[in-house]
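Notes follow the structure.
Position 1 is the first residue of the sequence; numbering continues from there.
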Amino acid sequence: MKAIQFLIGFAVLALASSLASAYDPSPLQDICVAINNPKDGVFVNGKFCKDPKLARAEDFFFSGLGKPGNTANRLGVDETDANVEQIPGLNTLGISAFRIDYAPYGQRPPHIHPRASEILLVLEGTLHVGFVTSDQLNNTLISKVLNKGDAFVFPIGLIHFQFNIGKTNAVAYSALNSQFPGEITIADAVFGANPPINPDFLAKAFQLDPKTVKDLQHKFINGD
């Protein structure tokens, strides 16, 4: 009887262990539709790998983060990405970075990174930053004013923002734990969706009148 109990217990532990170590890899693109014929495949979860023997230093190098971005736009901000699109050697490594330049009072409006947490380091200027917790935590705003040398973390998938509250330019670097973290700017996604989301639905969701929603959609879709 003890031998049987031992075997059952061992089997349960082995099963639990296999379940704990077996998981789906995090997606590296928004969608990945399955197909039956591999010859029609275009994407994998990440990038196809070259022969490691053919790797060279340029595959792991990018020189663009030292150059100021162009902030002459409606938001007064510019991002310089350093992800797997710019550095092929990042493929499968689970990291990326980018530089953010802010004009005076420039902002990165509320947005999310669906596949990564982010840590931001201020190099120049003063930024007001923050994120909003989920519905389960009552949509609590957690925010802080950052100065040169300060760092702040934005948890994966949570809405966050940065705003240059100074009268001079600001610069920050961000590091993220995904080779391709993605970015969804909330206002652009909601009011700039193509085709447009039903304005009556948005009017009820945002407690606005439909005309206001249509005006917002026109601005975001047409870039006015």
Side-chain angles (χ1 to χ4, degrees), residues 20-35 37-73 75 77-102 106-125 127 129 131 146 148-162 164 169-186 188-189:
S21 62
Y23 60 91
D24 290 333
S26 298
L28 293 170
Q29 60 279 315
D30 289 345
I31 57 176
C32 186
V33 180
I35 57 172
N37 193 338
K39 73 179 182 65
D40 295 325
V42 177
F43 295 105
V44 293
N45 194 25
K47 301 281 188 179
F48 290 103
C49 302
K50 68 159 57 175
D51 186 337
K53 296 178 182 179
L54 302 178
R56 53 195 180 94
E58 295 300 315
D59 294 329
F60 303 88
F61 173 77
F62 178 64
S63 63
L65 295 180
K67 301 175 182 177
N70 181 9
T71 59
N73 53 62
L75 294 175
V77 70
D78 189 71
E79 299 175 23
T80 303
D81 294 329
N83 57 46
V84 72
E85 296 294 325
Q86 291 77 36
I87 308 175
L90 285 179
N91 193 37
T92 76
L93 298 184
I95 57 171
S96 61
F98 54 86
R99 169 185 174 134
I100 315 106
D101 289 274
Y102 311 81
Q107 64 171 285
R108 292 184 74 213
H111 63 283
I112 67 169
H113 299 295
R115 294 181 285 275
S117 296
E118 172 185 357
I119 182 168
L120 177 137
L121 171 66
V122 178
L123 299 184
E124 297 291 343
L127 300 178
V129 306
F131 64 87
L146 305 182
K148 182 177 179 178
D150 292 340
F152 197 82
V153 173
F154 305 106
I156 183 172
L158 296 186
I159 295 174
H160 59 284
F161 62 87
Q162 296 123 35
N164 180 7
N169 293 335
V171 181
Y173 281 139
S174 279
L176 304 99
N177 62 334
S178 170
Q179 70 182 48
F180 198 66
E183 183 169 325
I184 301 171
T185 303
I186 306 305
D188 290 349

Can you see which heavy atom on [X] is nearest to which on [Y], and at what distance?
{"X": "P181", "Y": "Q179", "value": "CD-C, 3.9 Å"}
{"X": "L176", "Y": "A116", "value": "CB-CB, 3.9 Å"}
{"X": "S174", "Y": "I100", "value": "OG-CD1, 3.7 Å"}
{"X": "A82", "Y": "L90", "value": "O-CD1, 3.6 Å"}
{"X": "F161", "Y": "F131", "value": "CE2-N, 4.5 Å"}
{"X": "L146", "Y": "F152", "value": "CD1-CB, 3.6 Å"}

From [X] [atom1] over to [Y] [atom2], what is the distance, rounded to the nearest 0.5 angstrom?
{"X": "N177", "Y": "R115", "atom1": "CG", "atom2": "CZ", "value": "12.0 Å"}
{"X": "L121", "Y": "Y173", "atom1": "CG", "atom2": "OH", "value": "9.5 Å"}
{"X": "L65", "Y": "T80", "atom1": "CG", "atom2": "OG1", "value": "6.5 Å"}
{"X": "R108", "Y": "L127", "atom1": "CZ", "atom2": "CG", "value": "10.5 Å"}
{"X": "L120", "Y": "Q162", "atom1": "CG", "atom2": "CD", "value": "5.0 Å"}
{"X": "D101", "Y": "N164", "atom1": "CG", "atom2": "CG", "value": "10.5 Å"}

Assess whether side-chain contact (heavy atoms from CB on, under 4.5 Å) is satisfied between E124 and N169, documenting all intermediate values.
CA-CA 7 Å; E124 297 291 343; N169 293 335; over 6 Å; no

So does K50 have more than 12 non-hydrogen atoms from other groups sitting under 6.0 Å from NZ?
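It does: K50 NZ has more than 12 such atoms within range.
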
Quick check: does any side chain N or O of [X] sit under 3.5 Å from a backbone N or O of [Y], one acting as donor and the other as acceptor?
{"X": "H160", "Y": "H111", "answer": "yes"}
{"X": "T71", "Y": "Y102", "answer": "no"}
{"X": "N91", "Y": "P88", "answer": "no"}
{"X": "S117", "Y": "I156", "answer": "yes"}
{"X": "R99", "Y": "V171", "answer": "no"}

